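Here the structure is a predicted model, which means the values were calculated and not measured. Proteins come first, then strands; the chains are lettered A, B, ... in the order of their sequence lines, and each starts at number 1.
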Amino acid sequence: MEYNFLKIEKKWQKYWLENKSFHAEIEPGKPKFYVLDMFPYPSGAGLHVGHPLGYIASDIYSRYKRLKGFNVLHPMGYDAYGLPAEQYAIQTGTHPAITTEKNVARYREQMDKLGFSYDWDREVKTCDPRYYKWTQWTFIRLYNHWYDQAAGKARPVPELIEHFRSSGNADVRAAVSPNWFDELSKKDATFGTGWKGIFTSSDWAGFSEKQQQSILMNYRLAYLSEAIVNWCPELGTVLANDEVANGYSVRGNHPIERKMMRQWFLRITAYAQRLLEGLDGLDWSDSLKEQQRYWIGRSEGAEILFPVKDSELSLSIFTTRPDTIFGSTFMVLSPEHEYIEKITPASHIDSVRAYLHEVINRSERERMADVKKISGVFTGAYSINPLNGKPIPIWVADYVLAGYGTGAIMAVPAHDSRDYDFAKHFGLPITEVVSGGDISEGSYDAKDGTMINSGFLDGMQVREAIKAVIKSVNETGTGRGMINFRLRDAIFSRQRYWGEPFPVYFREGIPYVLSESELPLELPPVDAYLPTETGEPPLARAKNWKTKEGYPLETNTMPGFAGSSGYYLRYMDPKNEKEYFSKEAVSYWQNVDLYIGGDEHATGHLIYSRFWNKFLFDIGMAVREEPFKKLVNQGKIQGRSSLVYRLKGSNNFVSQGLKDQYEHIVMHVDVSLVNNDILDTQAFRQWRPDLADAGFILEDGQYFCGHAVEKMSKSLYNVVNPDELIEHYGADTFRMYEMFLGPLEQSKPWDTNGIEGVFRFIRKFWRLYHDEENQFRLSDEAPVASELRILHKTIKKIQEDIERLSFNTAVSTFMICVNELGELKCSKRAILEDLLVLISPYAPHLAEELWQQCGHHESITKAAFPVFNQEYLVENSFKYPVSFNGKMRFQLELPVGMQADDVQKAVLEAEESAKWLEGKVPKKIIVVHKKIINIVV
RNA sequence: GCCCCGGUGGUGGAACUGGUAGACACGCAGGACUUAAAAUCCUGUGACCAUUGCGGUUGUGCGGGUUCAAGUCCCGCCCGGGGUACCA
């Protein structure tokens with residue numbers, strides 16, 4: 001029987017589907033294991049060779065865990081909302097749901113061909129109303145919760161209202177937007193100017209419904225607010241910070257503008273500290289954890305008030321270096337700072353306004369482009385250093401950002417490089433207060449040294465001085481210790497059609513959420529997928545987009561990360577119509593044990609998910625604080641482009657080795673026309689009409705191409721599609737080759753040529769079970785020691801390799817095993833049946849087929865992983881490498897049990913030693929048992 | 001600039017806790033089988049020197065160091081990839 005992979009693979013894929021071989025149910029007595037892939041956005045292009053890498057790895061791991069007796073949950077679904085389908089809808093009028101459905105079908109077909117062990121009964125699609133019902137439900141819950149800093153968790157808003165009613169808000173420690181009361185009192189004069197946001201129970205009773213709701217909005221975990229956002233006119237939507245790179249949209253590369261808009265936000269900042277602390281217990285890569293830590297950006301410091309000279313006002317600054325306060329020689333406000341107009345005297349108002357005008361007109365992109373350009377203006381006002389009473393000038397400059405801290409700093413040029421550059425540029429004084437640097441050269445930023453020129457701080461070390469200053473400002477009421485985070489609240493609105501509608505309506509301009517019983521609020525049909533003439537989002541086009549009572553519904557939709565933030569929980573109980581997921585399901589499946597996916601989600605999905613999960617944990621839904629215990633980022637598979645060299649101004653091409661003798665232009669050529677870097681010149685001429693008469697300058701009668709490793713992309717003609725390879729070699733070969741390429745986490749170039757080696761191996765493997773006539777044949781003879789040694793060596797290594805996700809070395813191990821068994825012409829059932837189970841996670845179709853031929857009536861997925869037995873590996877001698885001065889010279893076989901003294905003796909007596917000793921007496925002999933012997937001469 | 005990851009033959013990579021560098025595979029060269037091809041199998045393959053034989057020298061980005069012993073640890077650089085961008 002020939003190895004007919006096409007037939008075999010189809011047969012077993014059908015079998016697994018029909019028998020629901022990978023369907024998981026709660027089995028209380030059995031240990032669970034949850035293996036998850038980051039679900040894909042189904043794009044129109046289908047999967048290329050890079051996509052399945054992580055899926056293959058997770059599939060091998062899942063199958064392995066099943067063999068090890070675990071109840072494995074291994075689901076797959078689709079992150080179905082996304083811009084490409086919507087852009088296509090705008091261009092063609094095709095409803096994005098139709099495009100998405102088509103792409104999903106194509107993805108499914110491609111994944112099925114790879115033989116994955118997904119439980120397809122648990123499939124979810126984020127655009128399915130049965131799914132997004134729970135996305136909307138979570139939004140309502142977020143809206144109806146606030147974050148209690150004292151309790152360190154989210155609590156229901158009704159409890160907060162109750163508290164306001166009985167005791168006001170003076171003693172409530174909540175996560176709220178900074179200075180929220182300023183915004184409110186600005187819009188509603190009845191709160192009174194200078195209102196600090198504190199109210200009593202009777203104040204609360206006196207507030208109107210609108211006032212009460214406006215106050216509550218500042219406490220909710222999902223809230224509506226005005227903010228400067230990244231507006232992308234091309235896409236007609238707002239983008240989150242992580243959807244923007246260098247002033248352009250990550251998707252589509254369109255320019256971004258800053259714009260003030262009303263948006264929904266999620267108060268993720270309330271969870272900043274917990275998001276940071278939670279990282280410590282996670283089995284994630286250091287680089288990923290580092291990225292998240294940096295993104296969260298916790299810094300400890302102090303907030304200090306500087307009174308403005310000849311004014312009632314005080315300016316609040318944030319600093320991480322309160323110790324350097326005596327070295328502060330000026331103060332800088334961000335151009336957006338609201339006090340600028342109030343403090344600037346008439347003498348300076350024109351120059352200040354001119355500067356603000358200039359800065360604000362510079363687009364975000366320009367500002368980023370010339371970071372190094374120093375600009376600023378003196379306001380003419382002075383503030384008083386609260387510690388020494390000295391006045392310092394107040395400047396405005398765009399190197400201070402409105403969005404961080406208080407939007408104002410005390411500049412300490414001697415100990416901050418940015419302040420130093422600014423001071424040098426404008427000729428401002430520089431006062432050294434920490435010894436250790438040379439301020440004529442540059443600022444000394446290290447938190448290390450002795451305080452000088454600093455009054456009562458003199459002689460202290462930096463760390464002591466920081467504490468002393470905080471203590472001092474605390475006592476005088478001019479400041480306090482403060483922790484600041486870089487993390488911003490997540491903008492949750494998009495002005496798009498293809499997303500989850502908000503379960504929100506407006507009554508007299510006040511937003512209210514729908515009741516949970518009204519969910520899902522389904523996405524309505526629209527006549528076009530564009531904004532309206534008045535600039536409203538596409539949902540404003542929907543007919544009757546209002547509640548039963550006639551109140552208008554929200555026209556924004558949710559962003560991409562809404563649906564992906566909690567999908568791993570829904571997989572636990574995907575068909576539940578009453579709940580997001582049952583208590584029973586979550587108690588059993590808990591959280592994800594192994595999560596595999598791309599590292600581009602480091603500061604997006606992976607932070608939002610953790611936040612989402614922590615919130616669900618707080619409200620008693622999730623049972624674990626962290627969603628993903630272990631996380632692995634698979635590397636990208638890069639394209640390996642083929643290059644040809646066209647002579648300048650002609651249609652002749654010169655082979656790689658000769659190219660430097662000619663003036664040439666490098667050109668990409670489709671990789672399908674190239675085999676082992678040799679160009680198929682005939683096919684090349686037929687590739688494009690303009691190449692029909694191409695001429696070639698050959699080397700040894702052949703045209704050799706150059707190559708380059710770059711991203712896999714259509715425009716570089718280096719895209720390799722898995723379908724063709726599976727057609728050619730089968731899924732089992734494809735799976736093993738992807739793993740064989742290199743370590744999972746590493747990025748590496750795709751090179752189709754190597755797949756032949758794995759294909760050879762697979763056929764060799766098949767032949768172990770067949771005789772010369774291709775007839776299935778196993779012998780029932782008892783295995784000999786050498787055969788058992790090979791098997792158990794392999795069991796040990798395969799198990800170790802899978803456990804540490806080292807799939808490439810596992811494939812090598814199988815190759816070695818098959819080479820060795822082949823040499824022994826081993827065809828013994830006792831060896832080869834165990835070998836089938838070992839390889840079944842990697843080459844599942846092949847393993848099933850041979851397992852059946854062995855006479856088994858049940859799928860190999862139900863088998864048990866072979867148990868490693870150390871006894872078979874016991875050797876009674878060891879071939880010691882013998883080194884002289886660390887250089888390996890020869891090998892010497894000695895009994896394993898020999899004592900170190902005897903080994904030394906034996907080595908010196910060995911014939912070959914004489915040559916290296918040259919008659920000298922060795923200084924020292926090191927014997928490492930079963931490792932090495934080193935003789936120092 | 002800062003943070004993280006990496007640099008090993010012609011190529012992908014192996015060497016897990018310091019202990020025989022280059023496993024396994026691709027490619028290449030030579031050979032067997034065959035009328036021929038495919039398939040399969042065997043041999044060789046880091047570089048340099050020697051090749052009549054044993055062999056020798058050198059070698060993991062560069063320069064130092066620790067150690068009986070360094071691809072692996074330490075210090076200083078160079079290069080590549082990713083993240084971040086005036087975060088006080």
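Rounded to whole Å, the P atom of B:U17 lies 30 Å from the corresponding atom of B:C2. Taking atom C1' in both B:A15 and B:G30, the straight-line distance is 30 Å, to the nearest Å. A gap of 36 Å separates the C1' atoms of B:G81 and B:A29, to the nearest Å.
Distance from the side chain of A:K748 is smallest for B:G13 among the nucleotides B:G13, B:C26, B:U20. Set against B:C16, B:U20, B:U84, the side chain of A:E800 has B:C16 as its closest nucleotide.
Checking the phosphate oxygens (OP1, OP2) of B:G13, a side-chain nitrogen or oxygen of A:Q746 falls inside 4.0 Å. Of the side-chain N and O atoms in A:R767, none sit less than 4.0 angstrom from OP1 or OP2 of B:U40.
Contacts of A:I816 with the nucleic acid, taken as non-hydrogen atoms under 4.0 Å apart, involve only primed sugar atoms and P, OP1 or OP2. A:D751 comes within contact range of no nucleotide atom at all, as no heavy-atom separation falls under 4.0 Å. A:K930 comes within 4.0 angstrom of nothing in the nucleic acid, heavy atoms only. When heavy atoms are screened at a 4.0 angstrom cut-off, A:I409 is found touching base atoms of the nucleic acid. Using a 4.0 Å heavy-atom criterion, one finds that A:R889 contacts the sugar-phosphate atoms exclusively. Within the 4.0 angstrom heavy-atom criterion, only backbone atoms of the sugar-phosphate kind lie near A:V936; the bases stay farther away.
The aromatic rings of A:H337 and A:Y339 sit perpendicular to each other, their planes meeting at more than 60°, with 30° as the lower class boundary.
Annotated as anti: B:G82, whose glycosidic dihedral deviates from 0 by more than 90°.
Using modelled atom types and a 3.5 Å distance limit, the side chains of A:S443 and A:D416 yield no donor-acceptor pair.
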